[in-house]
Each structure stands twice: as structure tokens, then as C-alpha cells.
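A, B, ... follow the sequence lines: proteins, then strands. Residue 1 opens every chain.
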Amino acid sequence: MASGIKDKVAILGMGCSHFGERWGSDAEDLMIEAFAECLDDAGIAAKEIDAAWLGVAFDAMNIGPSGIPLSTALRLNNVPVTKVENFCATGTEALRGAVYAVASGAADIALALGVEKLKDTGYGGLPARTRGTRFDMLGIAGSAPGNFAQVATAYGAKHRISREQLKQAMAHVSVKSHDNATRNPKAHLRKAIDVDTVMNAPIVAEPLGLFDCCGVSDGAACAIVTTPDIARGLSKKDLVSIKALSLAVSNGWEIQGSGWDGSYFHTTRIAAKRAYEEAGIEKPREELGLLEVHDCFSITELITMEDLFISEEGNASADVLDGFFDADGRIPCQIDGGLKCFGHPIGASGLRMVYENYLQLQGRAGERQRREVPQYALSHNLGGAPNQNVSGVSIIGLLD
Amino acid sequence: MVGITSIGGYLPRRRLSRQAIFEAHRWFNGSLAPLAKGTKAMANWDEDAVTMGVEAARTCLSQGDTAVVGSVLLASTALPFVDRQNAGLIKEALYLPDEILTLDVTGSQKSATSALISALRQAEQSTGKVLCIASHLSVDRPASESEISNGDGAAALCVGNERPIARFLGAHSVSVDFVDHYRRTGSDHDYRWESRWVREEGCLKIITDVVGETLGRLDIDPEQVRYLLIPSVVPGISPKIAKKLNVQYEDVTAELQHNAGFLGGAHPLAMFVHCLEQAVPGETIVLVGFGQGCDVLVFETTQEVEQCGRAFGDAIRAGQLTENYLRYLVFRERLDIERGMRAELDQKTALSAHYRDRKAILGLVGGRCRESGIVQFPPNRMSIDVDKPRLDTQEEYRLADIPARVVTCTADHLAYTPDPPYYYGMIEFDGGGRMATEFTDVAEGEIDVGAAVKMMFRIKAVDDRRDFVRYFWKAVSTATN
């Protein structure tokens, strides 16, 4: 009988680069930037790292395959470096590797680093690329906005929410994130916007407009994890531990079965249930204090509130418009600007989410600091498309 | 007694205004003015002679008896492949058995009638039926008369011995190298000689002689002929020939020419289908093919002709008007526009993988679990019943002819498509089975959650680097199609 990982792993240090159009930096620069901060925060030397997990989603477009680029950039000590990829959930996947290694006793100190250098692609958004031999013959070479726009269409139809009403709620989500990012010096986009701008923006994929879609960014984020005992031995204060780290992967049910109505994320519900069970959370709407979710598109954030069992099904718009998830709301969501504004370097995002949660728990989030330090902070990291995806949920909290 | 047992025709959805074409060329060639009436049927970027042939064949096979198709003949001078059997592609799309003869017939404007004669001769020798398809995608130089007159489309006939709607009385063929026009392999346009010469030395002499000879050999009184079908793009020919032969003339396919255009190598069969839909029992029809000689076939309609319906006639009268001539030039690769970097996606097809998956890709064949009855697409080794996935229990289950409904959808303005926006989403088939699909031929507002759709065979991607075309199926709204 597996005993889980709750409170077996503590975060020793974290680092995060500035996210954005880092024209002057390559992937190596970004890795070093995040790693330097992380190492400093951890208070250890690089050679004390026993194993590393490198997360990159589009390796062919930037650093290339294998774990070698990380080992080379940081001159690690020929330690194991596992290269992981799970679409946009890559960052969480990298963290899982490091955390499970420590929880299992296979490593004392493990590193998770996610990096993405996408601004050498030559155009905005994700690079158009093959998705596999069979997929290319049978599947759709669409865009991320196009894939996620479908969940908006289905959600609106199911809950009988008019296009106008849904766009209003989605607009609130983006306006809120933009406002949050004005307080974040590392964010890619730092300008406030208003609802009218969002409502009148050109349509990217019906019904998603320009401001409903996050861009992509260059950036890196990293974490060093260890056991609570080792952390205390290194005089780490205000220990933040991992309460749960779950992952759920589509098996074809959504796209080939007949039970999914297209209006929610099946895997998020599963990953959330698993995470809550492991963390011992029974009433997420009452017990969670902070959320970083995968707001690749405003609609994703909105629906995720329901898939995390925080909002009632069909009622997320009401909560959103009520300010429930605003920075001064009951449970702030994307208090650092989220994917939308902090940015979305695909492989790093999952770790960036935990970075903000970690800083908030330790009272180190500066201008963004939530006065009421949360007991539990949750991150949700989704890769793929609504009809087939990987959903990762992490829950962290102060250990004592 | 051998004859035509079922018929079908297909026209693409768009109708390009001939006036719009003329306006674009008026500065250079004002003499196109008389031709600027009506519209031409305009294939979408994802249609070609093969895809249109498939659709005509599907219509044709959906009626008529269920005798096994023993061979497929495809006649066209606009085939996408010179060496990769095009009729074979159609056979896969129609999910016909592998034990079959498939034949591309090409090289002339009389390919369709020659193919039909061959089909009839084949059917005389067997108990099965023969599927004879003719299809055309216009290949004309901008500002030419052909461009403004020609249209895109296909027609299909089943030929057999079981209760024909029109029995075959006989045929006669003449072959002479009368080059009214020609097109060399690899060329993208025709070269035509003076139309006065074509009319006087070609049509008026050759067609008249061969029709007259045919009627004589078959001992048919010219006055008995009800319809004389001559596919000629040169105006005014048919009534003159009819008069010389003492045959009555009625322009029974005027609508076809006016709304869809002259369908090149497919025109004889398209005229025939259009005519049969309007014919009554006991009528004699003379069908002509002209191109380096002449084929003449004679048929007599039976009681069964009343079952024909009006599907092709309806398609001729329907269609979506467009005045965007520039889009036409881009689709036909006459204009090379800036498509942006996202269009650089390499569309290489792994032919080995394509062969393994050919039934799913070309036939839209999914799997139905013989134990649970659950349908899935694409077929996988493990069935989709996630509570009890079973290994290797799926039987072939074709989805192409099953109606479906839209579950999710979007119009994507970001991802590359030759005809923006890119419509796609997820559909569910009646009786089960779901797939992520592209939508094509979309008019605004047609595709929304719950909309009824049907599947059509289309070009999925063109690999410009390696000159390959990959096909697949897409969903189309049935609201107006």
C-alpha cells in the first residue's frame, strides 16, 4: 500500500527568471538565471544536488533533446538528469520527478528546472509542428486558442450562458490578472487593461479574443527539494512542504467515448480529487487560500474553478464577477499575473506557479504579498487540449 | 440487358460569378463580355477530381441495387496523380472490396464516354456492376474563354444488368487526331485552335457523321431520338447538328451550363445524369463524347427512370454565390500569396504509416467492439470502454455514411488554413462514435453546437515540397448542403 508523499518533501529553494521576450538571452542564460536565485535561496553548493529533472516542452525548437543541456549549462556533477515533457504540464512533471525521488529516499537533494526559449521561432504563439505520424494524418493541425475555444462554446451551450455574458466573465479574469502583474517585476506583461478593451479585441478563435489568450514567453524556473530533516539541518526557516502532487492523463475517453460533453476538463477533476485526498482537504472552497491555475486562456481559468470543486458547476462566472478570485478576494487566483501576464514559457510554467505559492507562504512576495498567509496553496498545470490532456495539481503548505 | 442502373452527380458548393471574372479581365479582353452570364461551379481548395469523383460515386451508390461493384473506372483529364492510381483512391474512399479492377481513363475530352462504353462492355460479361465516374477540376489560364466557361464537378453512373433505368442500345466510336485543343503532361493550361475551325471541321463534320453512322447501324429512326446530348463548349453547335441529322433538339442541360459551367471531361456524363433526372420512360437518348474523334452511345429509358429523383438538378440550382475571383486564382495556384510562417509546417506523409492506416484515413473506417457494441474512431488495439478495455475486439465499422452532430466547435483565425478561418471541433455520430474533425464549406453561422453534419472526402494537406496530396474526411453542415 503506497504511503504517499505528504510532508515527506520540503522546498529548500526556488528561483525564477524574468519572463518575457528575452531577445538577448538564450536557454542557457535563462537556466542560469533561475538556478542562481534558487541555489542562493537553498543555501547549498551545486555539487550537493543528487539528481535533476529538466522540463522542456518544445525541445526541437530550442535546447534540443535529452538531459544534456541542463547538465552542460549548470556543469552538474554527472548526476542523473531526466528530461521530461508533458505538454504545458511539463513544469509540474519536472517537479514530480524531483519530489518523488526525495520522497522515495532515492535522493537527498533533487533539482527540478523548467525552461523554454520560444522567441527564436520567428512568430508569436506556439510553433506549428508535427504531433506524431498518426496524429498528423488523422488529427487537426489547429492552434491552442482553437482547441480551447471549443470548451468555451460547449460550456456556454451547456449552461445556457450567452456569448456576451461568458465574454464578460472571461474579461474579468484577464483584467484581474493584468492588474496583479503590475505588482510583479518579473512579469512579461505589466500593463493594466479594462473590460471594454477585452470585449472589443479582435477574435483569435471564436469566441476567444486577443486578451483571452496568453502569449508565449522565454523563461526558466526551478526548485530544489529535500527532506524536512535535511532542510532543518541547513537552518531553513518557515518550511514549505509538498502536501500532494497528482497527475491525471487522458486515455481517449473524451475524444473517442461518448460521455464527455466538451464543457470541462475531465482530468483536472480526477487530479484534484487525488490531490485533495492526499493533502487531507475536504472542503477546497473553504480550505484553500491561494490558487495558481493554468490560465492559458481565460476560459480555462474560469472552468478550472469548477473542476477544482471550488465553484459550483455552471457558477464560476458568478464567482469570478463577484471578485471571489481577485487579489483581495476570498481565494486569489494568479496573484502574480498567471500565464496571461507573468508569461508562459511552456516547460517552466508549472514551476513558476509553485514559485509564487512558495514565496507567498513564506511571506516574501513583496508588493503582491497576501496579508492573510494561506494555509494551503494550490497549483494547477494543464498540458494538451480540452479533449486530450495532462492535468497536474500540486498543493503546498507550511509544514508546522 | 445491360444499362445504367443508378446515377449521381456532384457540384462544389461555391458558384463564382462570371461577371466578376469578366470585370477582372475587362481591361485586357473585353470580348469575354458575352460569356459573362451565370456562374461557374468552383471547387474548394480541398477538392480535386478524386474528391469530387468520390462524392458523385457516393450519391450514385446510395441508390440502386446492392450488387457487388466489380470495377471502378475514373475518367478525367485533371487527375491529381499521373502515377498513383486515382480510381484506386476512390475505391478506398468508397470502402469497396480489395478484389476489384480499378482503372484511370484519361487523355481526352471523350475519356468519359469511352470509359462508359468499356464499363457497359464489362458489365455485359459479368453479374456484378461497374462504377463509371467522370470528374473535372478546371485547368485554365486566367482571361481565357475556358476559364470563364468551365466549371468543376463530377458525375457517376452504375452500369449493370439488374433493372436498368436506361438500357444500352449500342455505341460506335471513331478515333482521329483532330486537335481542337491539347494539354501536355505537367502543363497548367490548354492551347486552343480557332473556334471557327473547330466548329466547322470538327464538331459539325465529325459529330454529325458519327451520330448518323451510329443511328444507322443500330437501325434507329432519327425522329425517335428524344435527347441529343453533345458536350460542346463552342456555342450553337448542338442545334445545328441536330438539324442536319433530322433529330429534334432541346437544350435539356441549359441550367447545368449556366449555373455550373462546362465540366470538361466530366461534361458528357454530367449532361447524361441531368438529362436522366428529367426524362420519362421510353425515351431514346443519344450521348456524344468528342475529343480526337467521337463516341456515340444510345440508350432507351425504362419505367425505372422515374425513380431517379432530382438530386443533381437540385445541386445545380443550389450553391453559394461568390464574387471573389482572387480567391479562385489562389486556390487554383495561379497566384502565389504570402501565407505566413505558420504555413511552413512540413506536411510530409510517412507512406508506410499511411498504408497501415489506409482504411481509417481513406475509408473513415472505425472500430466497433464485438462484445460491447461501442464504436470508436480511430480504431485502436484497445477498445475505448475505459471500465473494461478489451484488446483486439473491434470489427471494421465505417462512419463515412453515418450522420453526426456537433459537440464542440470553433472558428480559428490563428492556425494556418488555405481558406480562413479554420473551422474544427468534435462531432458525435448517430449510434455512437466520436471524432475531432475539420469542418469545410462553412457558411457563417452554420456550425454550432448541435448542428447536423455529414462527412465528405477531401484533401487534408498538400505537401508542396514533395508534391504529394494526402486525403481525409471532413464534416459539412447538412442544413443547406
Side-chain angles (χ1 to χ4, degrees), chain A residues 121-158 163 202-210 213 250-263 266 297 299 385-388, chain B residues 340-350 352-354 356-358 360-361 366-367 374-378 380 382-386 389 406-417 421-426 428-429 432-438 447-450 460-461 470-473:
Chain A
T121 300
Y123 51 86
L126 295 174
R129 60 160 186 177
T130 173
R131 281 169 232 213
T133 311
R134 200 181 200 215
F135 184 98
D136 287 351
M137 294 190 295
L138 297 169
I140 296 162
S143 67
N147 286 327
F148 283 82
Q150 291 175 58
V151 77
T153 314
Y155 180 86
K158 176 177 180 179
R163 184 183 180 275
I203 296 292
V204 176
E206 175 59 35
L208 303 180
L210 186 61
C213 308
S250 289
N251 60 12
W253 176 77
E254 298 97 313
I255 203 174
Q256 290 179 284
S258 56
W260 183 59
D261 62 13
S263 70
H266 177 60
F297 302 95
I299 187 66
N387 63 18
Q388 55 182 19
Chain B
M341 279 193 202
R342 289 190 180 86
E344 289 170 10
L345 178 65
D346 194 331
Q347 295 288 359
K348 184 171 186 172
T349 300
S352 46
H354 187 268
R356 280 197 305 271
D357 272 324
R358 69 192 179 286
I361 295 166
I374 294 176
V375 174
Q376 68 185 75
F377 186 84
N380 305 106
M382 303 289 288
S383 72
I384 190 54
D385 187 351
V386 295
V406 177
V407 180
T408 69
C409 56
T410 187
D412 187 341
H413 297 264
L414 183 67
Y416 170 68
T417 171
Y422 192 177
Y423 289 94
Y424 52 92
M426 197 167 68
E428 181 151 338
F429 292 94
R434 206 177 251 204
M435 66 181 281
T437 182
E438 297 174 43
I447 297 296
D448 208 343
V449 176
K460 178 89 161 82
R470 191 166 74 235
Y471 299 91
F472 191 45
W473 293 77

Go through the atoms of A/Asn251 and report whether side chain, backbone, both or neither lie under 4.5 Å from a heavy atom of chain B.
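A/Asn251 touches chain B through backbone and side-chain heavy atoms alike.
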
Please state whether the side chain, the backbone, both or neither of A/Ala152 comes within less than 4.5 Å of a heavy atom of chain B.
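No part of it gets close to chain B.
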
Given that the side chain runs from C-beta out, which part of [X] has a heavy atom under 4.5 Å from chain A: side chain, backbone, both or neither?
{"X": "B/Val375", "result": "backbone"}
{"X": "B/Arg342", "result": "both"}
{"X": "B/Thr437", "result": "backbone"}
{"X": "B/Asp448", "result": "side chain"}
{"X": "B/Leu414", "result": "both"}
{"X": "B/Pro421", "result": "neither"}
{"X": "B/Phe377", "result": "both"}

Please, which pairs that meet side-chain hydrogen bond (donor to acceptor under 3.5 Å, both in side chains) have at least one residue in residues 123-132 of chain A, sequence neighbours excluded?
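Counting only pairs at least two positions apart or across chains, the side-chain hydrogen bond (donor to acceptor under 3.5 Å, both in side chains) contacts touching residues 123-132 of chain A are A/Thr130-A/Asp136.
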
State, to 0.1 Å, how close B/Pro378 and A/Gln256 come at their nearest heavy-atom pair, and which atoms those are.
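So the two residues come closest at O-NE2, 2.9 Å.
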
[X] vs [Y] side-chain heavy atoms within contact, under 4.5 Å:
{"X": "A/Trp260", "Y": "B/Met426", "value": "yes"}
{"X": "B/Glu438", "Y": "B/Tyr422", "value": "yes"}
{"X": "B/Thr410", "Y": "B/Tyr424", "value": "yes"}

My understanding is that only residues two or more places apart in sequence, or in another chain, count here; which of them pass ring-ring contact (aromatic ring centres under 6.0 Å, His included) with A/His266?
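Listed in chain order: A/Trp253.
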
For each of B/Gly340, B/Ala350, B/Gly425, B/Gly366, tally heavy-atom pairs with chain A at distances under 4.5 Å, and name the one with the top tally.
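The residue among B/Gly340, B/Ala350, B/Gly425, B/Gly366 with the greatest pair count is B/Gly425.
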
Do A/Asp261 and A/Ser263 have side-chain N/O donor and acceptor atoms under 3.5 Å apart?
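Present: a donor and an acceptor within the cut-off.
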
